[in-house]
Amino acid sequence: MSQLSTRHLLGIKNLTEEDVNLILDTAENFKEVINRPIKKVPSLRDITIANIFFENSTRTRLSFELAEKRLSADVVNFSSSNSSVKKGETLVDTVNNILSMKVDMVVMRHSSPGAPHFLSKNISANIVNAGDGTHEHPTQALLDAFSMREKLGDLQGKKIAIIGDILHSRVALSNIFCLQKLGAEVMVCGPITLLPKHIESLGVKVELDVRKALAWCDVANVLRIQLERQQIKYFPSLREYSLYYGINKKMLQQLDKEIVVMHPGPINRGVELSSDVADSKQAIILQQVENGVAVRMAVLYLLAGVRS
Ligand code: CP
């Protein structure tokens, strides 16, 4: 198979296993390209891409922009904080105005779950979801899977624990869908207040004790506490969270194996990970960021091949 089954990347849920493998295999080729002295290829020459961010981002926004430039696309960037959205313009009006400038693809981050799905029904450009509220963050899950595969080989039967604020995390849901399509076993671990009700119906194991989760897994993908999405108190204090769920070097040294530690960023240092773990060789956090460019190049390149 050399073509995706979809013309938008709205989430991982609706991708096929073949789609996921095609993206990861294509990203391997692009990783080789971006490590050459000349990092640019002409694959998306004459394609214009708009990066439309209604929420803050460092890694995803820069990574998409670099991926687009490495593919020779023309790029325009839009941030809601200094735009006419502040004057009350709607999402569809904003995007249609951008598209009328002959934009072919839209990469969008929005705080409302489903915003890119809504947009895909109203505009003709290819849409890439760069994170929609607490729903999905598909390119993060793909780059996480790519990084795990690079470290461990085939993910069939591998044990991945997703630890932390599962309730508010779009990374968790996309990771669960992606890893299950690749045959991995998935566990979620966190305080009961930060685990969605009925999460086990997604076919994941549920564990409240972080030490047991670490002893079980090959990879711990540790998530950020998303204080900005928490309207009520889910745990007494960050200090108490860190005491019960923070991962430090001593805990990793007590395991009878060396596990891989991941984090999508941004990290709350000293809360979900101590600095001696975040900066250790066991943590592949910066490799994840590096792989993000190759994975996003693969996504954009493949979607451009499925234009309407
Ligand atoms: N991982 C991630 O989405 O980071 P940003 O919010 O900085 O893009």
Side-chain angles (χ1 to χ4, degrees), residues 9-13 23-24 27 49-70 75 77-82 106-116 127-148 150 160 162-179 188 190 194 219-230 247 260-269 271-273 277-279 283-300:
L9 179 62
L10 302 177
I12 301 288
K13 189 176 181 187
I23 293 169
L24 300 186
I49 305 179
N51 300 312
I52 303 181
F53 279 68
F54 292 86
E55 256 195 355
N56 294 342
S57 169
T58 299
R59 279 146 290 269
T60 311
R61 194 172 55 77
L62 287 176
S63 177
F64 266 113
E65 188 172 343
L66 260 183
E68 291 151 5
K69 288 180 170 168
R70 300 270 189 258
V75 180
N77 289 305
F78 165 92
S79 155
S80 63
S81 57
N82 51 9
V106 172
V107 174
M108 186 173 79
R109 171 169 287 189
H110 201 281
S111 57
S112 296
I127 312 282
V128 184
N129 179 3
D132 61 327
T134 55
H135 181 220
E136 281 224 44
H137 191 349
T139 56
Q140 181 68 46
L142 289 162
L143 76 88
D144 288 347
F146 183 91
S147 306
M148 290 179 209
E150 196 171 55
I160 319 297
I162 305 172
I163 298 171
D165 183 356
I166 313 294
L167 185 66
H168 300 99
S169 174
R170 51 193 172 213
V171 176
L173 196 57
S174 287
N175 257 260
I176 291 168
F177 293 141
C178 190
L179 293 167
V188 292
L194 290 178
V219 178
N221 197 358
V222 185
L223 304 181
R224 183 172 67 89
I225 291 294
Q226 303 206 20
L227 291 171
E228 75 278 17
R229 296 195 202 279
Q230 299 183 8
I247 297 172
V260 178
V261 177
M262 301 176 64
H263 193 300
I267 306 171
N268 293 309
R269 279 181 184 260
V271 179
E272 58 260 0
L273 287 180
V277 173
D279 301 330
I284 59 165
I285 297 165
L286 293 180
Q287 285 103 304
Q288 289 172 258
V289 177
E290 180 188 345
N291 291 334
V293 178
V295 167
R296 291 179 172 117
M297 284 172 81
V299 165
L300 296 165

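In each ligand, atom 1 is the first atom listed, and ligand 1 is the first ligand listed.
- Within the structure, every pair that satisfies the salt bridge (Lys or Arg N to Asp or Glu O under 4.0 Å) test and touches residues 52-67, not counting sequence neighbours, is listed here: Glu55-Arg170, Glu55-Arg229, Glu65-Lys69.
- Within the 4.5 Å cutoff, no side-chain heavy atoms of Val222 are placed close to those of Met262.
- A distance limit of 4.0 angstrom between heavy atoms and ligand 1 selects the residues Ser57, Thr58, Arg59, Thr60, Arg109, His137, Gln140, Pro264, Gly265.
- For the atom pair CG (Asp165) and CG (Leu167), the distance works out to 6.5 Å, reported to the nearest 0.5 Å.
- Remark: Val271 pairs with Ile225, Leu238, Tyr241, Asn268 by the side-chain contact (heavy atoms from CB on, under 4.5 Å) rule, at least two apart or across chains.
- Screening residues 285-296 for salt bridge (Lys or Arg N to Asp or Glu O under 4.0 Å) gives Lys31-Glu290 as the qualifying pairs, with residues at least two apart or on separate chains.
- Counted within 6.0 Å of CG on Asn77, heavy atoms from surrounding residues, nucleotides or ligands total more than 12; the atom is thus considered enclosed.
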